[in-house]
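Structure first, commentary second.
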Amino acid sequence: MDDIAVRAGVSRTLVSFVLGGKAGAGERTRERVLRIADELGYKPDATAQLLARGRSRTIGVLVDVEQPFQAQLVKRIYPVAKAAGYEVLLSASAPGRDEVAAVESLIGHRCEGLILLGPSSEQSYFEELEERAVVVVVAKPLSRSSFDSVRSADDSGVRQSVDHLIELGHREIYHIDGGSGPGSAIRSAAYRGAMDRQNLGDRIRVIGGAHDEASGVAAGHLMLDEGTLPTAVLAGNDRCALGLMDALDRAGIDVPGDVSIVGYDDSDLARLSRIDLTTVRQNVDALAENAVAFAVTRLEDGSVPASEMIVEPHLVVRGSTGPVRSAERARVLRRRGFSSNS
């Protein structure tokens with residue numbers, strides 16, 4: 001606008017009036033300003049205009065670049081936010097860049113609202129953030145607070161998984177937990193509860209892990225080294241399940257003939273025919289749409305009280321689970337030195 005003013009020989013204020021469609025300039029002056037603006041390729045800065053009115057209409061999203069499920073959420077967040085008249089700005093936590101740095105970057109770019117996908121920080125940090133922006137936490141169970149949260153009913157998803165395996169005849173069912181990952185504590189507790197409900201409390205086995213492939217590989221090697229294979233494993237998420245499948249496959253263990261495997265998330269990889277993973281599908285649309293709706297509602301009316309939305313997941317049965325191993329498969333495993341519980 002300064003450049004236009006110099007070229008046209010008028011004040012910057014007059015340029016602002018002309019470009020804003022306001023009165024104050026003669027017709028010839030208005031035409032000259034518009035012609036020069038076109039020659040210079042002037043485009044109005046929507047962000048600057050919003051900030052001048054005290055609004056950025058931008059929602060910042062914290063995402064973990066290593067979690068495919070969060071990418072699915074982001075894909076849905078974009079169109080929902082656009083339909084509500086908001087822009088989306090992403091900031092990623094990754095090796096070498098912690099979560100706090102990622103969130104502070106969003107604040108620094110004047111995001112009015114924050115949607116935090118599976119955050120690992122303490123609740124006290126979120127409460128401090130609430131003083132600086134509208135906060136919505138996704139996929140992390142929290143005690144009641146001043147900010148909104150949206151998550152899946154992870155306990156229900158795990159119960160569906162255990163019940164499915166029980167119906168297939170499995171009794172030796174292990175669980176690889178997700179460590180500090182979002183929802184892992186609830187999933188582990190739900191596994192224990194589901195096993196107890198089936199009178200299998202004495203067969204509970206939880207192997208420490210994380211929401212990544214390496215933890216699945218490590219759990220697989222542990223089972224192989226111990227020489228005692230369960231008939232089924234409930235992994236903390238799909239990435240962990242994929243790592244476990246790889247470790248067992250390399251050792252000549254058939255999935256699901258020897259060991260059935262269930263994941264969690266229903267990521268895009270789980271649907272590939274070579275993987276064909278039985279998994280718990282989280283409702284991506286409902287999670288993303290409610291997260292955006294919470295943020296927009298609170299941004300438009302700060303008096304609206306915070307709330308929590310719990311979305312029901314459902315089990316998707318594919319080829320990685322099957323009936324408990326046959327007597328013939330059990331004999332083959334014994335000949336290879338494995339104890340064959342069933």
Item to check | Single-linkage hydrophobic cluster, 4.5 Å side-chain cutoff, Ile310 and Val158 together | outcome: no
Item to check | Under 3.5 Å: donor-acceptor pair, side chain of Arg187, backbone of Gly236 | outcome: yes
Item to check | Note, Asn290 side chain near Asp148 side chain (heavy atom, < 4.5 Å) | outcome: no
Checklist entry - Would a 4.5 Å heavy-atom cut-off, applied to side chains only, mark Gln72 and Asp268 as touching? => result yes
Next on the checklist: Applying the side-chain contact (heavy atoms from CB on, under 4.5 Å) criterion to Leu116, which one of Val63, Val138, Val136, Val103 satisfies it?
Outcome noted: Val103
Checklist entry - Measuring from Tyr174:OH to Leu222:CG, what's the distance to the nearest 0.5 Å? => result 8.5 Å
Item to check | Residues Arg159, Asp163: salt bridge by 4.0 Å N-O rule | outcome: no
Checklist entry - So, Ser303 and Asp301: side-chain donor and acceptor under 3.5 Å apart, yes or no? => result yes
Checklist outcome for this item: Output for pair (Leu19 CG, Tyr42 OH), nearest 0.5 Å, gives 5.0 Å
Checklist entry - With a 4.5 Å limit on heavy-atom distance, are the side chains of Arg32 and Arg7 in contact? => result no
Checklist entry - Under the 3.5 angstrom rule, does the side chain of Asp249 hit a backbone N or O of Met245 as a donor-acceptor pair? => result no
Checklist entry - With a 4.5 Å heavy-atom cut-off, do Ile4 and Arg12 have their side chains touching? => result no
Item to check | Any Arg331 side-chain heavy atom under 4.5 Å of Leu333 side chain | outcome: no
Next on the checklist: To the nearest 0.5 Å, what is the distance between CD1 on Ile186 and NZ on Lys140?
Outcome noted: 10.0 Å
Item to check | Connected via hydrophobic side-chain network under 4.5 Å: Leu168 and Val280 | outcome: no
Checklist entry - Given the rule in the side-chain hydrogen bond (donor to acceptor under 3.5 Å, both in side chains) test, do Ser184 and His211 qualify, once you have shown the distances and angles that lead to the verdict? => result CA-CA 9 Å; Ser184 61; His211 285 167; 5.2 Å; no
Next on the checklist: Counting only heavy atoms not in Glu87 (residues, nucleotides, ligands), do more than 12 fall under 6.0 Å from its CD?
Outcome noted: no
Checklist entry - Does Arg325 pair with Glu172 as a salt bridge, N-O distance under 4.0 Å? => result no
Item to check | Lys/Arg N to Asp/Glu carboxylate O, Asp154 vs Arg151, below 4.0 Å | outcome: no
Item to check | Leu200-Val206 co-clustered via ILVMFWY side chain contacts under 4.5 Å | outcome: yes
Next on the checklist: To the closest 0.5 Å, what do you measure between CG (Asp258) and CG (Leu248)?
Outcome noted: 9.0 Å
Checklist entry - Are more than 12 heavy atoms from other residues, nucleotides or ligands located less than 6.0 Å from atom NE2 of His109? => result no
Next on the checklist: Less than 3.5 Å apart, any donor N or O on the side chain of Ser124 or Glu128 sitting next to an acceptor on the other?
Outcome noted: no
Checklist entry - Within the distance-only criterion (no hydrogens, no angle test), does the side chain of Glu130 pair as donor or acceptor with the backbone N or O of Val135 below 3.5 angstrom? => result yes
Checklist entry - Do Thr297 side-chain atoms and Phe294 backbone N/O form a donor-acceptor pair below 3.5 Å? => result no
Checklist entry - Looking only at atom types and distance, does a side-chain atom of Tyr191 sit under 3.5 Å from a main-chain N or O of Ile173, one as donor and one as acceptor? => result yes
Checklist entry - Looking at Val88 and Ala81, what are the two nearest heavy atoms and their distance? => result CG2-CB, 3.5 Å
Checklist entry - Does the side chain of Thr321 come under 3.5 Å of the side chain of Ser260 through a donor N or O and an acceptor N or O? => result no
Checklist entry - Any donor-acceptor pair under 3.5 Å linking the side chain of Thr279 with the backbone of Val262? => result no
Checklist entry - Same cluster or not: are Phe147 and Ile107 linked, directly or through other Ile, Leu, Val, Met, Phe, Trp or Tyr residues, by side-chain heavy atoms under 4.5 angstrom apart? => result yes
Checklist entry - Can you tell me if Ser120 and Glu99 form a side-chain donor-acceptor pair at under 3.5 Å? => result yes
Checklist entry - Can Arg271 and Asp266 be counted as an ion pair, charged N to O under 4.0 angstrom? => result yes
Item to check | Nearest non-hydrogen partners of Ala102 and Ser93, listed with the distance | outcome: CB-N, 4.1 Å
Next on the checklist: Can you tell whether the side chains of Glu31 and Arg35 come within less than 4.0 Å, N to carboxylate O?
Outcome noted: no
Checklist entry - Can you tell me how far CD of Gln67 sits from CG of Asn237, rounded to the nearest 0.5 angstrom? => result 6.0 Å
Checklist entry - Could Glu300 and Arg57 be called an ion pair, given the rule that one side-chain N must be under 4.0 Å from one carboxylate O? => result yes
Item to check | Ionic contact status for Glu66 with Arg239, cut-off 4.0 Å | outcome: no
Checklist entry - Within a reach of under 6.0 Å around CD of Glu27, are more than 12 heavy atoms found that belong to other residues, nucleotides or ligands? => result yes
Next on the checklist: Ignoring hydrogens, what is the shortest heavy-atom contact between Asp276 and Ser273? Give both atom names and the distance.
Outcome noted: CB-O, 3.6 Å
Item to check | Nearest atoms (heavy-atom pairs only) where Ser215 meets Ala210 | outcome: OG-O, 2.6 Å
Item to check | Side-chain donor/acceptor of Gln282 to backbone N/O of Val311, under 3.5 Å | outcome: no
Checklist entry - For the residue pair Pro230 and Val259, what are the closest heavy atoms and their distance? => result O-CG2, 3.4 Å
Next on the checklist: Are Thr228 and Phe338 packed together at the side-chain level, in the sense that at least one heavy-atom pair is separated by less than 4.5 angstrom?
Outcome noted: no
Checklist entry - Transitively linked via ILVMFWY side-chain contacts under 4.5 Å: Leu277 with Leu269? => result yes
Checklist entry - With a 4.5 Å heavy-atom cut-off, do Arg171 and Thr231 have their side chains touching? => result no
Next on the checklist: For Ser152, is there any backbone N or O sitting under 3.5 Å from a side-chain donor or acceptor partner on Glu312?
Outcome noted: no
Next on the checklist: Counting C-beta onward and ignoring hydrogens, is there a side-chain heavy-atom pair between Ile166 and His170 closer than 4.5 Å?
Outcome noted: no
Next on the checklist: Between Gln70 (side chain only) and Leu117 (backbone N and O only), is there a donor and an acceptor less than 3.5 Å apart?
Outcome noted: yes
Next on the checklist: Can you give me the closest heavy-atom contact between Leu244 and Gly220, atom names plus distance?
Outcome noted: CD1-CA, 3.6 Å
Checklist entry - Between Ser91 and Arg97, does any side-chain donor sit less than 3.5 Å from a side-chain acceptor? => result yes
Checklist entry - Is the backbone of Gly208 close enough, under 3.5 Å, to the side chain of Asp177 for a donor and an acceptor to pair up by distance? => result no
